[in-house]
Amino acid sequence: MTDNDDRPVPTPAELRAQVEETRDELGRTVEALAGKADIKNRAQEKTAEVKDRAQEKTAEVKDRAQEKTAEVKDRAQEKTAEVKDRAQEKTAEIRNRAQEKGTEVRNRAQEAAGQARIRLSTTAHTLGGKVQDHTPEPVRENAGRAVEAARNRPGVLLAVGTAALVVLLVARRRGRH
């Protein structure tokens, strides 16, 4: 049989197969449309997807931050060690310079003390000669004994010489005024 279009007319079995196939297609289409129309379900899926991505990003950022923190901490420790080393070097340098200056000052002081000793000794000797020239014989004898005693104790000699120098200076000053 043919219809007006010159197409063969399908048999009842073919029509049933076409109807079955169309029903299946229609079912799939309805399911797809229902899935698309289910906004709540799609929103939940999208939310879960975004949440998962956010958690992944958060974990990545956290890991990077921990790495950076560790790097900064390491660099800070290195810098701290460098500064500490430089400070120790500078401290040692300053200590050495101070010791050198101390030695230098000590040497100058010893030199000045030696020169003062020589001047004092010379002055005491000169003064001793003047005193001896102007001192009567009995006083010189007693002074000689005192000098012998002083030689046995040099500190006493230094004290006597200083005292004599002071007496001479006082006498000179009084003589000028």
Side-chain angles (χ1 to χ4, degrees), residues 1-124 150 152-163 165-166 169:
M1 288 180 108
T2 62
D3 62 2
N4 297 347
D5 293 338
D6 291 337
R7 279 185 286 157
V9 177
T11 63
E14 289 176 338
L15 284 175
R16 276 190 217 112
Q18 282 179 356
V19 168
E20 192 59 38
E21 187 178 319
T22 304
R23 277 188 191 149
D24 286 342
E25 249 181 69
L26 186 60
R28 285 192 300 265
T29 303
V30 168
E31 280 182 28
L33 287 174
K36 287 183 180 181
D38 188 5
I39 294 172
K40 181 180 177 186
N41 194 21
R42 285 181 53 207
Q44 288 174 343
E45 288 174 2
K46 195 68 166 173
T47 302
E49 185 181 310
V50 169
K51 182 180 175 185
D52 289 345
R53 275 189 276 162
Q55 286 175 339
E56 289 173 8
K57 286 289 184 190
T58 302
E60 286 177 25
V61 169
K62 182 180 175 186
D63 290 345
R64 273 191 261 143
Q66 286 175 340
E67 289 172 7
K68 287 291 182 187
T69 301
E71 286 177 24
V72 168
K73 181 181 175 187
D74 290 345
R75 273 192 248 141
Q77 286 174 339
E78 289 172 8
K79 288 291 182 187
T80 301
E82 286 176 21
V83 168
K84 182 181 175 185
D85 290 346
R86 273 191 256 142
Q88 287 174 341
E89 289 172 7
K90 288 291 183 188
T91 302
E93 226 176 87
I94 291 169
R95 188 179 307 119
N96 289 340
R97 274 194 242 139
Q99 287 174 347
E100 289 171 3
K101 287 289 182 186
T103 301
E104 187 178 311
V105 168
R106 190 174 27 260
N107 290 344
R108 276 194 253 146
Q110 287 173 347
E111 186 178 317
Q115 290 173 355
R117 241 182 270 124
I118 291 169
R119 276 186 258 133
L120 184 61
S121 175
T122 302
T123 304
N152 293 335
R153 296 188 305 185
V156 173
L157 176 61
L158 184 60
V160 169
T162 304
L165 179 62
V166 169
L169 291 174

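Here the structure is a predicted model, which means the values were calculated and not measured.
Arg97 contributes atom CZ, which lies 7.0 Å from atom NZ of Lys90 (distance to the nearest 0.5 angstrom). Taking OG1 from Thr47 and NZ from Lys51, the interatomic distance works out to 9.5 Å, rounded to the nearest 0.5 Å. For the atom pair CD (Glu25) and CD (Glu21), the distance works out to 6.0 Å, reported to the nearest 0.5 Å. Annotation: the span from Gln99 atom CD to Ile94 atom CD1 amounts to 12.5 Å, rounded to 0.5 Å. Between Ile118 atom CD1 and Thr123 atom OG1 the span is 11.5 Å, to the nearest 0.5 Å.
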side-chain contact (heavy atoms from CB on, under 4.5 Å) between Glu60 and Arg64, worked out: CA-CA 6 Å; Glu60 286 177 25; Arg64 273 191 261 143; 3.7 Å; yes
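Within a 6.0 Å sphere centred on CZ of Arg23, heavy atoms belonging to other residues, nucleotides or ligands number 12 at most.
Residues Glu100 and Thr103 form no side-chain contact, since every pair of their non-hydrogen atoms from C-beta on lies 4.5 Å or further apart. Side-chain contact check for Asp85 versus Gln88: some heavy-atom pair is nearer than 4.5 Å. At least one side-chain heavy atom of Gln18 sits less than 4.5 Å from a side-chain heavy atom of Leu15. You'll find the side chain of Arg16 stays beyond 4.5 Å of the side chain of Glu20, heavy atoms only.
Electrostatic pairing of Glu104 and Arg108 counts as a salt bridge here, judged by a charged N lying under 4.0 Å from a carboxylate O.
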